[in-house]
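Working notes, structure below.
Counting starts at 1 for both ligands and their atoms, following the listed order. This structure is a prediction, so every number in the text was calculated from the model and none was measured. Basis for what follows: all heavy atoms, side chains included, without hydrogens, waters or symmetry-related copies.
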Amino acid sequence: MSRKILVTGGAGFIGSNFIHYWVDRYPEDTIINLDKLTYAGNLDNLKALEGNPRYYFVKGDISDSEVVGGLFQKGLNVVVNFAAETHVDRSIGDPDDFIRTDVYGTYVLLEAARHNEVECFIQISTDEVYGSVEDGFSRETDPLMPRNPYAASKAGADRLAYSYFATYDLPVIITRASNNFGPYQYPEKVIPLFVTNALDSIPLPLYGDGLNIRDWLFVDDHCRAVDLLIQRGEKGEVYNIGGGNLLTNQDLTGQILKYLGLPETLVRRVRDREGHDRRYALDSSKIKKLGWTPGADYDNELKSTIDWYRDNRWWWEKIKSGEFKAYYQKQYSNR
Ligand code: NAD
Ligand code: DAU
């Protein structure tokens, strides 16, 4: 049976990878991509789908109840809400849009879902909602302790989505994934920033002592996890999705430079991020019990990601000479 899937934020990094994944795997389904095209939204990510009769792009804001209501009235089977403001540093500078989109926008989508039948509403949350985890691994039942405005806005949306399950029996599933990497990631995030800077021999601005730890998840593995949860996830439940590749930023930077054959002298130590979470680490045994496992070959996934940026300058040079230029100047000039 063919399904109608609403993907929000589908012109961003994970959303566009998810749409490619879905079209390849379920060519009979129809995908509607609702995206506001903020600085992070990029239709270049979806060029290969131009002319596909089962893919529709709608430029619009998830906070706009008229646009959202109109889409739900077309009859949707599944909603996957990726749309969000996502960059921690920008949330520290100016949290306003984070509250508007991540919290209020999610509320608008949930309200529309409540008044129209949907079989499954996936709320894409994040491991950042647990806050900094000095040791051990976060479980889905752990308290939420978000420590920056981005993480707090995602925690608000996460619990709001749950409240629509508990109160209205809306078929909600919440995912909390770790740091994704792969093609089409906006170069404000550490891996594409460091790879593209390195390719242009620009210093890599490593925050603080470089010993903060992140758990790296290849974006395709994240897409597979969301697919599995749409099929077999239990409604009202939260699922951690961790790559199981815990690395300090210093080690990650070393791996990038080593693969590119560039010297460590390209690293520039800069002032730390305010309130910088020291470590994220997920216990993913709950989703593993459903049959998901992360990819087993982190080294090759990282290498293939670096290769992708090396081979697709057309994609990131346009971004880096546009909106990103002023952002980079403001963000890094006096660090
Ligand atoms: P991204 O910043 O690359 O893309 C976000 C997309 O949302 C963009 O296309 C943007 O135009 C769109 N958008 C923003 N505001 C909107 C609005 N009001 N209405 C409609 N569209 C809007 O983000 P990403 O890294 O792909 O993250 C996608 C989701 O996954 C987010 O919800 C994020 O919190 C979550 N997440 C990301 C990671 C990660 O490592 N990147 C890890 C865990 C969870
Ligand atoms: O953990 C999931 C989260 O991962 C997602 O929810 C967020 O949307 C996503 O942006 C990401 O957040 P991080 O803050 O972990 O990602 P970022 O790429 O910004 O930074 C990763 C680490 O690298 C972090 O410890 C800060 C450090 N860093 C980052 C930048 C941009 C640097 O050292 N230098 C930099 O220039």
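- Heavy-atom proximity to K189, at under 4.0 Å, picks out these atoms of ligand 2: 10 (O), 18 (O).
- With sequence neighbours left out, the side-chain contact (heavy atoms from CB on, under 4.5 Å) criterion links V23 to I19, I31, L49, N52.
- Heavy atoms of E188 found under 4.0 angstrom from ligand 2 belong exclusively to the backbone.
- Contact annotation for T86 and ligand 2: heavy atoms of both the backbone and the side chain come within less than 4.0 Å of the ligand.
- Contacts between N179 and ligand 2 below 4.0 angstrom, taking non-hydrogen atoms only, involve backbone and side chain alike.
- By the 4.0 Å heavy-atom criterion, Q331 is excluded from the residues contacting ligand 2.
- Of all atoms in ligand 2, numbered sequentially from 1 with element shown, those under 4.0 Å from a heavy atom of D127 are 1 (O), 2 (C).
- Exactly one residue among D215, D158, D127 makes a salt bridge (Lys or Arg N to Asp or Glu O under 4.0 Å) with R176. That residue is D158.
- If you look at E128 next to ligand 2, the close heavy atoms, those under 4.0 Å, all belong to the side chain.
- Here is the list of ligand 2 atoms found below 4.0 Å of a heavy atom in H276: 24 (C), 25 (O), 26 (C).
- Residue contacts with ligand 2 for V190 involve both N, CA, C or O and side-chain atoms from C-beta outward (heavy atoms, distance under 4.0 Å).
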Do any side-chain atoms of residues 3-13 form donor-acceptor pairs under 3.5 angstrom with protein atoms, and if so which ones, sequence neighbours left out?
from: R3; atom 1: NE; to: D29; atom 2: OD2; distance (Å): 3.0
from: R3; atom 1: NH2; to: D29; atom 2: OD2; distance (Å): 3.0
from: K4; atom 1: NZ; to: K74; atom 2: O; distance (Å): 3.2
from: T8; atom 1: OG1; to: N81; atom 2: OD1; distance (Å): 2.6
from: T8; atom 1: OG1; to: F82; atom 2: N; distance (Å): 3.1
from: T8; atom 1: OG1; to: A83; atom 2: N; distance (Å): 3.1

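- Put simply, OH on Y207 and CG on N212 are 11.0 Å apart, with the number rounded to the nearest 0.5 Å.
- Between the OG atom in S91 and the CG atom in D97 there is a gap of 11.0 Å [rounded to 0.5 Å].
- Of the protein's heavy atoms, P205 O, 2.7 Å lies nearest to atom 34 (N) of ligand 2.
- In this structure, Y186 has its ring center under 6.0 Å from that of Y39.
- Residues satisfying the side-chain contact (heavy atoms from CB on, under 4.5 Å) criterion with A198, sequence neighbours excluded, are L204, L257, L260, L262, L266.
- To the nearest 0.5 Å, atoms CG (L302) and CG (L252) are separated by 6.5 Å.
- Sorted by chain and number, the heavy-atom contacts of ligand 1 below 4.0 Å come from G9, A11, G12, F13, I14, D35, K36, L37, T38, A40, G41, G60, D61, I62, F82, A83, A84, T86, T101, I124, S125, T126, Y150, K154, A177, S178, N179, N180.
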